[in-house]
Amino acid sequence: VSRAFLSIDEAAARIARREISPVELVEACLERITRAEPLCAFWTVTAEAARGEAKAAESEIARSGPRHPLHGIPIAHKDLYDTAGVRTTAGASFFLDRVPEEDAFTVAKLRTAGAVSLGKLAMHELAAGADSQNPHFPSCRNPWRRERIPGGSSGGSGVAVAAGLAFAATASDTAGSIRIPASLCGVVGLKPTYGLTSRRGLVPLAWSLDHAGPIARSVLDVAIVTEAMAGHDPRDPASADRPVPALTAAARAPSVRGLRVALVRDYSLTGCAPAVGAAVRDAAARLERLGARVEEVALPALERAIGVNSVLLISEFASLFGDRYEALGAEAFGEDVATLLRAGGEIPARGYLDAQRQRRRIQREVAAAMADVDVLLTPTTGITAPPIGETLTSIDGVPTPSVMALIRYTAPTNVFGAPALALPAGFDDEDLPVSVQLTGRPFEDATLVQAAAALEADLAASIELRRPFVA
Amino acid sequence: VTEGEAQDPAVAALVGLARSLSGLDPLRDEPAVIFRPLAVGAGDEPAEPVDDE
């Protein structure tokens, strides 16, 4: 295995045994970042700072050993995570020269753990879209096929991790922006329970839906990074004052024995491409074989939650950036983002409040349905990576907006705040990654991780490991 | 129908979504985000997480 494709767990073990140095890991990533320039995953590479951090980590580890499994591990940040002294644009024309003075809460936590930052990653403009095609930056491309989208909004995060440019990346998720690029790039993405990770220092998209979380190449690796990012932050009003769940320990003890897993009727196996549906059925069979009880539940609230997410998202987005739209005009934004801001500004106050009332009802319905279910099993995205610029796709012969096919299974969980994990589950007949999604109960992230690790291990035994080609 | 809805079908579709949210119970379905007062001296920290039921 190339050094750049080691798991965080394996790299950490080798660092601890002094078999490999953080400096070597950073150089391996920087070399691949140069080779992968046509993918346009990075907007800012902080090579010299990364070399300095790696050297410091190497010295400290030589003296007193690693302080955390992330000590000396090269990672990168979505360009809406504030990084002190390093440009943070959120992909917006009016933030192109923005340099924050402070790190985001989660960036600071990762720095404290010893992670080395390689730089800042491509994303959809203001995180308000699912393809990461940003009018102010070069087109970010899927490493499995370059004329395809990487997914979004955290497209650069998905690409960097899949192509071996970083061991993990931060991402954020308002309707699926951690899980969609994880799905389309064939890596693991975890949206933790709302409130588990602070959003302070992230440029917001929609306060009541935004989540911070990581993308990495394995369930154990996302567990390690999430656990490092998590923790109560009194300065994020949504931050939960609860102990950080033992996610790493859960990932090290994979099991679904006795777990109750549910497919959602008229949802888990509908509205998706045949290869995606087949992957979900296969995952259900595997989970059953591993000792889970797999059943079917009716949960029509999920379909309703998609629209509720959209109304909340565009209303809060317009509250955040509507004044910029009015001051700068539509031409300062991509056409898709301008439409969302315009529409958000037109939503009547009653529409927003009705959406928040529907949300409470959806929360109750999901809680009731999940009283006897630990994990829901669905696709992550209904399709594999579509071509750049394709706005309409076809599912079972039915023309469907590509963005709807991408967010159908991810957007509902942001409405009720449950943890959800995107897990690679093979490839379709075009050799593009397919992904299944496991959704847990709020604040039961550890159970979700434990189940995902078990399914991941079972899939690994029968699916050939592939890495995308980088020049 | 607002001016924006009349001019742009994409805007009309999204605003229409908000207008279609119905069937709410006036006595039962309160909004998910509700106001919580800040105790004096509590700084920015609310009494408990906003969306944590």
Study note, to complete from the structure: In short, ring pair (Phe, Tyr, Trp, His ring centres under 6.0 Å) pairs touching residues 354-374 of chain A with sequence neighbours left out are none
Exercise for review: Look at atom CD of E303(A) and say whether more than 12 heavy atoms of other residues, nucleotides or ligands are closer to it than 6.0 Å.
Suggested key: yes
Revision key, fill the gap. In short, I347(A) meets A18(B) closest at the heavy-atom pair CD1-CB, 3.6 Å
Review point. Salt bridge between R357(A) and E30(B), side-chain N to carboxylate O under 4.0 Å?
Key: no
**Study point:** Close contacts, residues 309-323 of chain A versus chain B, judged by heavy atoms under 4.5 Å
**Key:** S310(A), V311(A), I314(A)
Point to revise | Ionic contact status for R342(A) with D8(B), cut-off 4.0 Å | key: yes
Practice item. Of all the heavy-atom pairs spanning A32(B) and Q363(A), show the shortest one and how long it is. Key: CB-OE1, 4.2 Å
Exercise for review: Hey, could you give me the CD/CG distance between Q356(A) and L21(B), rounded to the nearest 0.5 Å?
Suggested key: 11.0 Å
Review point. Is the backbone N or O of E3(B) less than 3.5 Å from a side-chain atom of E346(A), with the two atoms forming a donor-acceptor pair by type?
Key: no
Review point. Mind checking what makes side chain to side chain donor-acceptor pair (under 3.5 Å) contact with E365(A), not counting sequence neighbours?
Key: R304(A)
Study note, to complete from the structure: Closest non-hydrogen contact found for A343(A) with L14(B) is CB-CD1, 3.6 Å
Review point. Do D25(B) and R361(A) have side-chain heavy atoms sitting under 4.5 Å apart?
Key: yes
Practice item. Give the member of L353(A), L340(A), I362(A), D354(A) that has the highest number of heavy-atom pairs under 4.5 Å with chain B. Key: D354(A)
Exercise for review: Please determine, among V308(A), T339(A), V415(A), the option with the most heavy-atom pairs under 4.5 Å with chain B.
Suggested key: T339(A)
Check your understanding: Restricting to pairs with a member in residues 194-205 of chain A, which pass salt bridge (charged side-chain N to carboxylate O under 4.0 Å, His left out), not counting sequence neighbours?
Key -> R199(A)-D236(A), R200(A)-D233(A)
Practice item. Please state whether the side chain, the backbone, both or neither of P442(A) comes within less than 4.5 Å of a heavy atom of chain B. Key: neither
Point to revise | Heavy-atom contact with chain A under 4.5 Å, split by part of S22(B) | key: backbone
Check your understanding: Between V15(B) and P348(A), which heavy-atom pair has the shortest distance, and what is it?
Key -> CG1-CD, 4.3 Å
Review point. Does R364(A) reach the side chain of D29(B), with side-chain heavy atoms less than 4.5 Å apart?
Key: yes
Review point. Are side-chain heavy atoms of R359(A) and P31(B) found at a separation under 4.5 Å?
Key: no
